Q: 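So that we are looking at the same thing, I have put the structure below in structure tokens.
Worth knowing before you read on, the calculation uses all heavy atoms, side chains too, and leaves out hydrogens, waters and symmetry mates. Every value quoted in this text rests on a predicted model; they were computed, and no experiment measured them.
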Amino acid sequence: MNRIDFPILGREVYKRPLIYLDNAATTQKPRCVVEAIDEMYYSVNANVHRGVHYLSQRATDLHEGAREKVRAFINARSTAEILFTRGTTESLNLVASSFSEAFLHEGDEVILTVMEHHSDIVPWQLVRDRKGIVIKVIPMDDRGDLDLEAFKSLLTDRTRLVCCCHVSNVLGTINPVKEIGRLAHEAGAYMLVDGAQSVPHFPVDVQDLDCDFLTFSGHKIYGPTGIGVLYGREELLDKMPPYQGGGEMISRVTFEKTTYERLPYKFEAGTPDYVGSYALGVALDYVSSLHDEKSGLRGMELIAAEEAELTRYAMERMREIEGVKFYGESAQKTSVVAFNVFQPDGTLIHPMDLGTLLDRLGIAIRTGHHCAQPLMQRCGVEGMARASFALYNTKDEIDAFIAGLKRVVKMF
């Protein structure tokens, strides 16, 4: 991997080389993505879909070209199934709002998992409060694997939707969403996959998964902030009402009646983030272009292999430190290591203290509840420290992280 492509990795923090291990929160951006944003504003900036002049036509072509890149990247059937949003959170809120209007009634059931991010919990609670639906939760075991037998027992003839993160942003567990979706479909329910932590780390094929919805965010896959994607099966999106009203999403408006635009525009009210969509397309081109001559691996398969090795190596090195407790040791795991450190007398070293002191050494990790407070409760803690890896991280950085962690732990 060419770290030179990521200028920020060459900077110092507190006069120490930056070691960035907070990639589950957001990734750093390659130069080509930042330059794409500049190019769009300096050379092509004009509102899309509405102008007959050159700049508008060119901006529209780039925006829709990015939609096609997303379609190909996750292997959707049609660009009509690719909706641009502000990110995973808005995508999940869109489904909660529009799907519930079309398909949910009082007493209907939505199944979540204990490891869901808040953005896949709170929107469904809002629907519950508004429509009287029932929320059920799939439990997990102590290794961080979902209990599929318990899941089967939760399915009833009132189950309408199953929502599951593809990868836990805390545990790193790769959930068996294909199997969960199969069981959901057999029960007559639909399947939503939160791909925020999977799409950036390994190949994701929505047709192979046979999911009905999938979400992800641009900023977690080396693209800009403020742009995200919702994949939705076309026949479902056709039946769902718009999430917002305004320009762009209409075919004809009178004071008596409005008819809506065809997919995907029915769900894209207002001026879209055409700069962000173009830059996201460039980011997808970037990760797809990566290759390693020695292994023969390319694109997301190469990223998956490199990050799996970094994760294995990091956990192996961390076991050298007395008192380290891991959260999430599934055999199917990627890119995320959540942990706490306990002193010999059993006292927890507060994760915020760990993170603050490591920061003074130039090492950026995450601390807190990671927008997954129900999961924290399941694990019996208020918060955790988390190191997460990306394509530009190295074993040398992990060694420096281990040395820094040992130094900080020794201080306590």
Q: Under the ring-ring contact (aromatic ring centres under 6.0 Å, His included) test, which residues partner Phe339, sequence neighbours left out?
A: none
Q: Without swapping roles, check the side chain of Ser56 against the backbone of Asn47 for a donor-acceptor pair under 3.5 Å.
A: yes
Q: For Asp141, which residues count as a side-chain hydrogen bond (donor to acceptor under 3.5 Å, both in side chains) partner, sequence neighbours excluded?
A: none
Q: Going by the side-chain contact (heavy atoms from CB on, under 4.5 Å) test, name the single residue among Val199, Asn175, Ile174 that passes it with Val167.
A: Ile174
Q: Would you check if there is a donor-acceptor pair between the side chains of Thr159 and Glu109 at a distance under 3.5 Å?
A: yes
Q: Does Asp120 reach the main-chain N or O of His117 with its side chain, forming a donor-acceptor pair under 3.5 Å?
A: no
Q: Indicate the ring-plane relationship of Phe99 and Trp124, choosing parallel, tilted or perpendicular according to the 30° and 60° boundaries.
A: perpendicular
Q: Give me the ring orientation class for Phe6 and Tyr286: parallel if the planes are under 30° apart, tilted from 30 to 60°, perpendicular past 60°.
A: perpendicular
Q: So does Arg182 have more than 12 non-hydrogen atoms from other groups sitting under 6.0 Å from CZ?
A: yes
Q: Are there more than 12 heavy atoms of other residues, nucleotides or ligands under 6.0 Å from atom CZ of Arg160?
A: yes
Q: Is any side-chain heavy atom of Leu375 less than 4.5 Å from a side-chain heavy atom of Ser168?
A: yes
Q: Check side-chain hydrogen bond (donor to acceptor under 3.5 Å, both in side chains) between Glu320 and all other residues, then give those that pass, not counting sequence neighbours.
A: Arg317, Lys406
Q: Run the side-chain donor-acceptor check on residues 220-229: report pairs under 3.5 Å with partners two or more places apart or on a different chain.
A:
from   : atom 1 : to     : atom 2 : distance (Å)
Lys220 : NZ     : Ala24  : O      : 2.7
Lys220 : NZ     : Ala25  : O      : 2.9
Tyr222 : OH     : Leu391 : N      : 3.2

Q: Going by atom type alone, with no hydrogens or angles, which donor-acceptor pairs under 3.5 Å involve a side-chain atom of residues 345-354 and a protein atom two or more places apart or on another chain?
A:
from   : atom 1 : to     : atom 2 : distance (Å)
Asp345 : OD1    : Thr347 : N      : 2.9
Asp345 : OD1    : Thr347 : OG1    : 2.9
Asp345 : OD2    : Thr347 : OG1    : 3.2
His350 : ND1    : Met352 : N      : 3.0

Q: Are more than 12 heavy atoms from other residues, nucleotides or ligands located less than 6.0 Å from atom CD of Glu301?
A: no
Q: Going by the rule side-chain hydrogen bond (donor to acceptor under 3.5 Å, both in side chains), which residues pair with Gln197 if we only count those two or more places apart in sequence or in a different chain?
A: none
Q: Checking Thr311 against Ser335: is there a side-chain donor and acceptor pair closer than 3.5 Å?
A: no
Q: Would Arg360 pass as a cation-pi partner of Tyr14, given that its NZ or CZ must be under 6.0 Å from the six-membered ring centre and within 45 degrees of the axis?
A: yes
Q: Test His49 against every option in Glu261, His63, Glu64 by the side-chain hydrogen bond (donor to acceptor under 3.5 Å, both in side chains) rule and name the one that passes.
A: Glu64
